[in-house]
Amino acid sequence: MLILFNKPYGVLCQFTGEPGRETLAGYIPVPGVYAAGRLDTDSEGLLVLTDDGALQARIADPRHKLAKTYLVQVEGVPDEAALAALRAGVDLGDFVTRPCQVRLVAEPAWLWPRVPPIRERKSIPTRWLEMVLKEGKNRQVRRMTAKLGFPTLRLVRARVGEWSLEGIAPGEWREILVEPVGVPTTPASTLPRQPRPSPRRNGAPLRRPLRRST
């Protein structure tokens, strides 16, 4: 089993947590699945979960070099020198990041409003970057942009390898069929459109979050 979940801002990337904090348990009532890689609480977007240990390792372990695509809203306007520095690798003190792909992009038309909104200063513009990394250390993207003087205001993971957020609203999830060895049964281009049928919802592709009383 493989689940694609669009994690909202503020949700802990775990099934248990402190009282009053939202966790994955409030959205994904499926036993036996675990996150393959993590997202910070204040980051949003694609989280992949699975009950397949081999697949979990392939997704989460940087040795497999599975590309992860992030949309990053930063404070300020990075110039070409800053973009080149991000691409080449940034010395963060405890490690130097691997070379990656970075480019300026327009704000995606499909992107949902964040709740709560980001902080904005009228005197300082913001820009969006698309960053593709093959590693994912703790808060790495935020540390990279901050090191060059462009603090990250919003971070959305849009893609993990061949899987994307396409068609999955915040707080919703989709199940994908996989072979026991962790290889998708459908091509990457059709994955978002080929969910596993739900016996309780007549094959509805998206699963609504489980509402829990507080």
Side-chain angles (χ1 to χ4, degrees), residues 1-7 13 33-40 42-50 52-74 78 80 82-92 94-108 110-111 127-148 150 152 154-168 170 173-179 181-195:
M1 176 189 297
L2 184 142
I3 288 174
L4 307 181
F5 174 53
N6 189 345
K7 188 188 86 67
C13 192
V33 296
Y34 302 90
R38 302 180 66 84
L39 273 177
D40 296 330
D42 49 358
S43 297
E44 308 159 72
L46 184 59
L47 182 68
V48 179
L49 302 97
T50 182
D52 183 330
L55 179 58
Q56 183 183 34
R58 183 171 73 86
I59 296 170
D61 194 325
R63 291 178 298 178
H64 296 291
K65 299 182 179 180
L66 193 65
K68 299 174 179 66
T69 302
Y70 299 87
L71 294 169
V72 189
Q73 186 178 17
V74 298
E80 186 53 40
L83 297 178
L86 289 170
R87 295 182 189 118
V90 181
D91 187 348
L92 297 178
D94 51 339
F95 74 101
V96 178
T97 64
R98 295 177 181 177
C100 65
Q101 300 175 41
V102 183
R103 65 186 182 108
L104 291 170
V105 295
E107 180 177 355
W110 51 263
L111 191 61
R127 288 299 304 268
W128 283 88
L129 305 175
E130 180 188 81
M131 300 180 64
V132 182
L133 283 65
K134 292 185 177 180
E135 61 181 340
K137 298 184 185 296
N138 186 40
R139 302 185 72 82
Q140 179 174 332
V141 171
R142 296 178 186 278
R143 293 179 64 191
M144 290 172 69
T145 64
K147 180 75 173 185
L148 296 177
F150 303 97
T152 290
R154 188 177 183 189
L155 181 61
V156 180
R157 187 157 67 194
R159 180 176 289 273
V160 175
E162 59 219 14
W163 301 295
S164 80
L165 277 178
E166 183 181 354
I168 307 175
W173 56 277
R174 174 175 292 162
E175 185 178 341
I176 303 296
L177 285 171
V178 293
E179 297 285 0
V181 294
V183 178
T185 61
T186 51
S189 61
T190 64
L191 281 173
R193 299 183 177 86
Q194 298 294 328

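To the nearest 0.5 Å, the span separating CG on Leu129 from CD on Gln73 amounts to 10.0 Å. Taken from CG in Leu49 to CH2 in Trp173, the straight-line distance is 10.0 Å, to the nearest 0.5 Å. Atom-to-atom distance recorded for Arg127:CZ and Thr145:OG1 is 14.5 Å, nearest 0.5 angstrom. Going from atom OH of Tyr34 over to atom OG1 of Thr50 covers 11.0 Å, rounded to the nearest 0.5 Å. For the atom pair CD of Glu107 and CZ of Arg154, the computed distance is 7.5 Å after rounding to the nearest 0.5 Å. The structure places OH of Tyr70 at 11.5 Å from OG1 of Thr152, a figure rounded to the nearest 0.5 Å.
In this structure, Thr69 contributes its side chain and Ala158 its backbone to no donor-acceptor pair below 3.5 Å. Under the 3.5 Å distance criterion, the side-chain polar atoms of Arg103 are left unmatched by any main-chain donor or acceptor of Glu130. Glu44 contributes no side-chain N or O that, together with a main-chain N or O of Asn6, makes up a donor-acceptor pair within less than 3.5 Å. Side-chain atoms of Arg157 do not come within 3.5 Å of backbone N or O of Gly45 as any donor-acceptor pair. Panel note: side chain Ser43, backbone Val156; no donor-acceptor pair is recorded below 3.5 Å. Formation of a donor-acceptor pair under 3.5 Å by the Thr97 side chain with backbone atoms of Val90 is found in this model.
Phe5 has its side chain out of reach of Leu39: every pair of non-hydrogen atoms, C-beta onward, lies at least 4.5 Å apart. Put simply, the side chain of Lys137 does not reach to within 4.5 Å of the side chain of Leu92, judged on heavy atoms. A heavy-atom distance below 4.5 Å is found between the side chains of Leu4 and Val48. Between Leu148 and Pro78, the closest side-chain pair of non-hydrogen atoms is not below 4.5 Å.
For Arg159 against Ser164, the heavy-atom pair with the smallest separation is NH2-CB, 3.5 Å. Considering every non-hydrogen atom in both Pro108 and Leu71, the closest pair reads CG-CD1, 3.6 Å. The minimum heavy-atom distance linking Val160 with Leu46 is given by the pair N-CD2, 3.5 Å. Pairing each heavy atom of Gly37 with each of Cys13, the nearest pair is O-SG, 4.2 Å. Nearest heavy-atom pair across Lys134 and Ala67 is CG-CA, 4.0 Å. Residues Asp40 and Lys7 come closest through the heavy atom pair O-NZ, 3.3 Å.
Scored by the side chain to side chain donor-acceptor pair (under 3.5 Å) test, Asp94 finds Arg143 as partners (sequence neighbours excluded). Among residues two or more places apart in sequence or in another chain, the salt bridge (charged side-chain N to carboxylate O under 4.0 Å, His left out) test is passed with Arg38 by none.
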Walk me through whether Trp163 and Ile168 qualify under side chain to side chain contact (heavy atoms under 4.5 Å, CB included).
CA-CA 11 Å; Trp163 301 295; Ile168 307 175; over 6 Å; no
Working note: Asp42 + Arg139, criterion side chain to side chain contact (heavy atoms under 4.5 Å, CB included); need CA distance, chi angles, decisive distance, verdict.
CA-CA 10 Å; Asp42 49 358; Arg139 302 185 72 82; 3.4 Å; yes
